[in-house]
Number of protein chains: 2
Amino acid sequence: MATSAERGRRVRSRLLQAAAVLVAEQGWNAVSTRMVAERAGVAPGLVHYHFASLPALLAEAAVQVMEGVVDGADQALSQARTAAQALELMLADLDRYPGDDPASRLVSEAMLAASRDEGLRAAMAGLLDRFRTRLGDRLAAQGVPDPRRTAAVLAAALDGMMLHRTLDPELTSTAVAPVLGRLLQDGTPDTGQEGHR
Amino acid sequence: MATSAERGRRVRSRLLQAAAVLVAEQGWNAVSTRMVAERAGVAPGLVHYHFASLPALLAEAAVQVMEGVVDGADQALSQARTAAQALELMLADLDRYPGDDPASRLVSEAMLAASRDEGLRAAMAGLLDRFRTRLGDRLAAQGVPDPRRTAAVLAAALDGMMLHRTLDPELTSTAVAPVLGRLLQDGTPDTGQEGHR
DNA sequence: GTTCGCCTTGGACGAGCGCCCAAATTCAGG
DNA sequence: CCTGAATTTGGGCGCTCGTCCAAGGCGAAC
C-alpha cells in the first residue's frame, strides 16, 4: 500500500486547495462538487470518495487555510520587539493584496458559514482564541492596558477593515495605523467615559 | 389607476421584506425565488414581474434595510452630547440581539455579495461614506483627533465585532467599550509608534 | 357593458445540483 | 500471473433552480 494511497492523499489535498480558492472567488454557497473536481483536475465522483459531503469539504478546506494564516501571524508576532511593531506587522497583511485578497475573503465567507454550521463554528472559535491569546500576551509584555480585551478588539477591527476595504480601497494600513496606535497607549479615559447609563 | 397598482406596490414591498429576512437567516446565495415568494405569501411567478432578476431583488432589499440602519444610527448620533456617549449608543446596537442579529447578518452577507456585484458595491460604498461622515463630524466636534480616519476605523471595528460575536458571545459592549474609549482620546503616541520601518 | 391596463397565476423549460454506485483501473504482495 | 484492496471513472437518480409565458382576474374609464 504505497503509490495508490499516496496519490490518493495528493488528490485529496488538491481538492482541499481547489475548494479554498473557489470559496474565495465564488462564495461559500456558490461552490459545487463539480466545480471543485474540475478545478482540481479530477473526476466529479472523487469528491464524495474523499469527503463525506460538500459542506464537510468546504469546512475542512477553510479551517486548513485559516490555521496557516494564524500560524503565520503567530510567527510574525514573535519577531516584533514593540507593540507598535506588532501592530505594523498585522497591518502589513492588510496591504499585501490589492483589492481582493483570497485569504481574507475566505475568512469572511467562513465566518458567515460558521453561523450555520456548529462544527465549523467550534473550530473557528478555537483559532480565534489562539490568535487573541498570542496577540494579548505580546501586548501585555509591552505594557498595553487590558491586553486580552484589546487583542479581541484589534482582531475584530482587522477583520472588519478587510471587509470594508472591498467598499473603500483607500482604507490602507497607513491610513489606519495612527488611529489604531491610540489603542496601545496606557490611556486614562477622560472623555466622559461611563456616563453611568 | 388605484386599487390594482396599490396592491401591486404592497406585494412588491412584502417581497423585499421577505428577501431581507431570508438573506439573513439562510445566506445570500441560498435564497431562491420560490422561497421568497412563499414567505411573502404570493405566487412564484410574481418575483420576476416586480423585479428584473433574483440578484436585483436581493440587492434592493439589502440596500433598503441598510439605509434604515444608517438613518437610525444618524438619528441616535445626533442625540449624543459627548463622543463617549456616541460610542455607547453605537455599541448598544451590538447588544440589542442575543446571538444572531438579523440586521447585522444581512450587512455581512451584503458586504460579501458586493464584492461580486458592481452596483451593490457602489450603493454600499455610498452608505458607508455617509455613516463615516456623520460619525466623523460628531467626533470632530468633541475634539477627537483625526476624526475622519477614526470614524472609518470605528465603523470597521463595529462590523468586525458583529462578525466575531458569532464565534464569541462574550464579546459584548461592556467588554469592548473601555478599549474603544482609548480611540477617542487625544493621545500623543509614545508606545514607540512609527519606528520608521 | 365593454374595453383597457395592470396584476396575478401556475406550470413548462433546460440546466445544474448533491449524492450514489457498478464497473474499470492500478499496483504491491503472494 | 493472480489476488485483493485502494483509487478512479462516468453516468444515473430525483430534485430544485432562475426564468419565462400564455391565460385568467379585476378594478377604472368610457
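A, B, ... follow the sequence lines: proteins, then strands. Residue 1 opens every chain.
- Atom-to-atom, CG of Leu15(A) to P of dT9(D) comes out at 11 Å; the value is rounded to the nearest Å.
- Remark: the Arg134(A) side chain and the Ser78(A) side chain contain no N/O donor-acceptor pair separated by less than 3.5 Å.
- For residues 31-41 of chain B, proximity to DNA chain D is found at Val31(B), Ser32(B), Thr33(B), Arg34(B), defined as any non-hydrogen atom under 4.0 angstrom from a strand atom.
- In Glu25(B), the CD atom is crowded: over 12 heavy atoms of neighbouring residues, nucleotides or ligands sit closer than 6.0 Å.
- The closest donor-acceptor contact from the side chain of Ser108(B) to the backbone of Ser104(B) lies under 3.5 Å.
- Applying the side chain to side chain donor-acceptor pair (under 3.5 Å) criterion to Ser13(B), with sequence neighbours excluded, gives no partner residue.
- Of the possible donor and acceptor atoms, one in the side chain of Arg14(B) sits under 3.5 Å from a partner among the backbone N and O of Ala40(B).
- Under a cut-off of 6.0 angstrom, the local environment of CD in Gln26(B) is crowded, with over 12 non-hydrogen atoms contributed by other residues, nucleotides or ligands.
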Set out, in order, the CA-CA distance, both residues' side-chain angles and the distance that settles side chain to side chain contact (heavy atoms under 4.5 Å, CB included) for Leu112(B) and Leu163(A), then state yes or no.
CA-CA 8 Å; Leu112(B) 285 175; Leu163(A) 263 187; 4.2 Å; yes
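- Distance Arg10(B) CZ to dC6(C) C1': 15 Å, rounded to the nearest Å.
- In terms of modelled atom types and a separation under 3.5 Å, the side chain of Arg165(A) and the main chain of Asp101(A) share no donor-acceptor contact.
- For the contact set between residues 45-60 of chain A and DNA chain D, defined by any heavy atom under 4.0 Å, the members are Gly45(A), Leu46(A), Tyr49(A), His50(A).
- If you take CD of Gln26(B) and C1' of dT16(D), they are 14 Å apart, rounded to a whole angstrom.
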